[in-house]
Amino acid sequence: MPEIALEMKNITKRFPLVVANDHVDFKVYKGEIHALVGENGAGKSTLMSILYGLYQADSGEIFVHEKKVNIANPNVAIDLKIGMVHQHFMLVPPLTVTENIILGMEPKKNSILIDMEKAEKSVEELSKSMGFKIDPKAKIENISVGIQQRVEIIKVLYRGAEILVMDEPTAVLTPQEVEELFGILKSLKKQGKTIIFITHKLNEVKALSDRVTVMRRGKVVGVKYTKDTNQEEIASMMVGRKVIFDIKKKPLNLGKTALKVEKLKALNNKGLPAVNGISFEIKEGEILGFAGVEGNGQTELVEVITGLRRASDGKIFLYDRDVTNYSPRNIREEKIAHIPEDRRQRGIISDYTVAENLIFGSHYRPPFNKGLA
Ligand SMILES: Nc1ncnc2c1ncn2[C@@H]1O[C@H](COP(=O)(O)OP(=O)(O)O)[C@@H](O)[C@H]1O
Ligand SMILES: [Mg+2]
């Protein structure tokens, strides 16, 4: 029998509107790369937040190396040699690579001074052990997202992690960076580390993992050795029905041009170019997809079209009418709707009722606004 690094038994976690984890059993062997997969909202991040002590389960038990533990907060998780690389990095941009890595665990020269040389040396050694080089003195704000992710990995290793949790680490990476990340994770596995890898990309499950646990609507619906399963089976477990991979589409009957974007430019929150002269048009009845790695201007593009961000140059036409830099309210009145990427942050106010949320955007008009009595 393989050695068990970690076991979560019968974990249940309720949020006001949903049972995020519903009697979940999750077992990870020492030295394996274990993929945790499921659609958005399946409960993967919640389960890992419980493991890392960010949330407390309503019920259930956690065992690390077969010893029952109570992970009250992330410090306990770190003491148990569990490390987490979050979906959105938690680095401090103006600080250097090394300063970020040692934050809160600074090696001291004496009772006052930090031993920076020693720290930089550990950073270099850790990166070398995984087969890459990193400049320990570089500032976080000046390095790419792919390199920032490596800093996060070194940071958890510096804290002694033996079990590494990575929450959707490839969402922000280019295909080239994904390849490199897989190389790093495989070398960590060779060093005996245990890795939990959250994803919903099935080719990544196949390429990287030894075993896979599939979640759906808060429940575990399957655990497999990766070599004994295939993408079709994992996909159908994820969604609960057969998934057809080759879709046959009817020819499209295109109508008039509905939306036309011309040489659109916009800046991001830091004032740097985010949208650089994009042009496209969408015809009635058409669905247009934008592919790309997160952080390449998709968010800003949507914000400009929906009036949430100013265009610095270029034009947006709705049926030949210029709607560039209309306010969000005017855009809505032009019948352009927007479902934001972060629905909980920007799509709803969760303290308000469903009815109140539903009338947002129309609340100032009859019949909701009856005028001054
Ligand atoms: N802090 C929270 N408050 C309320 N609901 C939450 C919270 N975190 C997650 N949820 C809900 O729990 C469910 C599982 O979410 P999550 O664990 O983030 O899924 P996944 O990581 O698989 O996409 C979702 O329905 C989500 O909306
Ligand atoms: Mg998640």
Side-chain angles (χ1 to χ4, degrees), residues 6 8-28 33-60 62 71-74 77 82-90 145 149 152 156 163-173 178 181 195-202 204-205 208-209 211-224 234-241 243 293-295 299 339-354 356-358:
L6 164 79
M8 301 178 80
K9 283 189 187 164
N10 215 7
I11 299 285
T12 293
K13 175 74 182 172
R14 289 185 189 83
F15 289 117
L17 300 176
V18 64
V19 185
N21 288 165
D22 191 354
H23 302 281
V24 168
D25 290 321
F26 181 58
K27 185 158 73 181
V28 180
I33 300 184
H34 195 114
L36 179 58
V37 306
E39 288 192 299
N40 252 332
K44 310 179 293 292
S45 295
T46 301
L47 188 68
M48 290 302 106
S49 298
I50 291 168
L51 177 64
Y52 197 58
L54 292 165
Y55 292 152
Q56 297 303 307
D58 300 329
S59 58
I62 304 177
I71 307 179
N73 59 58
I82 298 169
M84 177 113 149
V85 174
H86 295 272
Q87 206 163 352
H88 296 105
F89 305 149
M90 310 255 177
V145 168
Q149 185 176 64
E152 287 272 12
V156 300
I163 301 173
L164 250 86
V165 182
M166 302 204 68
D167 197 347
E168 305 215 18
T170 61
V172 292
L173 300 184
V178 170
L181 173 67
I195 296 165
I196 301 170
F197 183 89
I198 301 183
T199 183
H200 49 233
K201 297 179 192 159
L202 302 179
E204 295 179 352
V205 175
L208 189 68
S209 69
R211 293 197 307 143
V212 49
T213 292
V214 185
M215 290 186 73
R216 185 169 77 237
R217 293 169 171 250
K219 291 195 170 80
V220 168
V221 291
V223 183
K224 297 264 173 186
I234 299 171
S236 59
M237 283 195 279
M238 269 170 68
V239 300
R241 59 181 157 76
V243 178
V293 176
E294 229 176 270
T299 302
I339 298 170
E341 62 179 64
D342 189 341
R343 290 165 296 279
R344 216 181 312 148
Q345 275 283 324
R346 304 191 82 169
I348 55 164
I349 299 180
S350 48
D351 288 343
Y352 285 28
T353 64
V354 172
E356 284 163 343
N357 271 285
L358 281 173

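The chain is numbered in sequence order, starting from 1. Whatever order the structure lists ligands and atoms in, that order sets their numbers, starting from 1. Predicted model only: the values in this text are computed from it and were never measured.
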Val18: numbered ligand 1 atoms lying under 4.0 Å from its heavy atoms: 11 (C), 12 (O), 25 (O)

Ignoring hydrogens and geometry, is there a side-chain-to-backbone donor-acceptor pair from Asn357 to Ile348 under 3.5 Å? no

Does the residue Met215 have a heavy-atom contact with ligand 1, meaning some pair of atoms that are separated by less than 4.0 Å? no

Go through ligand 1 atom by atom and flag the ones less than 4.0 Å from a non-hydrogen atom of Tyr55. 1 (N), 8 (N)

Closer than 2.8 Å to the Mg ion (ligand 2): does that hold for any N, O or S atom in Asn40? no

Does an N or O from Phe15, backbone or side chain, lie closer than 3.5 Å to an N or O of ligand 1? no

Ligand-residue contact atoms, ligand 1 with Asn40, heavy atoms, under 4.0 Å: 23 (O)

Is there a donor-acceptor pair closer than 3.5 Å between any side-chain N or O of Glu39 and the backbone N or O of Met215? no

Interatomic distance, Thr12 atom OG1 to Lys219 atom NZ [nearest 0.5 angstrom]: 9.5 Å

Using 0.5 Å steps for rounding, measure from the CG atom of Leu6 to the NZ atom of Lys27. 11.0 Å

With rounding to the nearest 0.5 angstrom, report the CD to CG distance, Glu168 to Leu36. 9.5 Å

Looking at ligand 1, is there an atom of it that comes within less than 4.0 Å of some heavy atom belonging to Gly38? no

Looking only at side-chain N and O atoms, does Asp167 offer a donor or acceptor that is under 3.5 Å from a partner on Ser45? yes

Between atom CG of Leu51 and atom CE of Met84, what is the distance when rounded to the nearest 0.5 Å? 8.0 Å

Gap separating the CG atom of Asp22 from the CG atom of Asn10, nearest 0.5 angstrom: 9.5 Å

Atoms of ligand 1 less than 4.0 Å from Ala42 heavy atoms? 19 (O), 20 (P), 22 (O)

Could you work out, for atom 24 (C) of ligand 1, the closest of Pro16, Gly41, Ser45 by heavy-atom distance? Gly41

Going by the 4.0 angstrom heavy-atom rule, the piece of Thr46 near ligand 1 is both

Which of the atoms of ligand 1 are close to Glu39, meaning less than 4.0 Å from one of its heavy atoms? 22 (O)

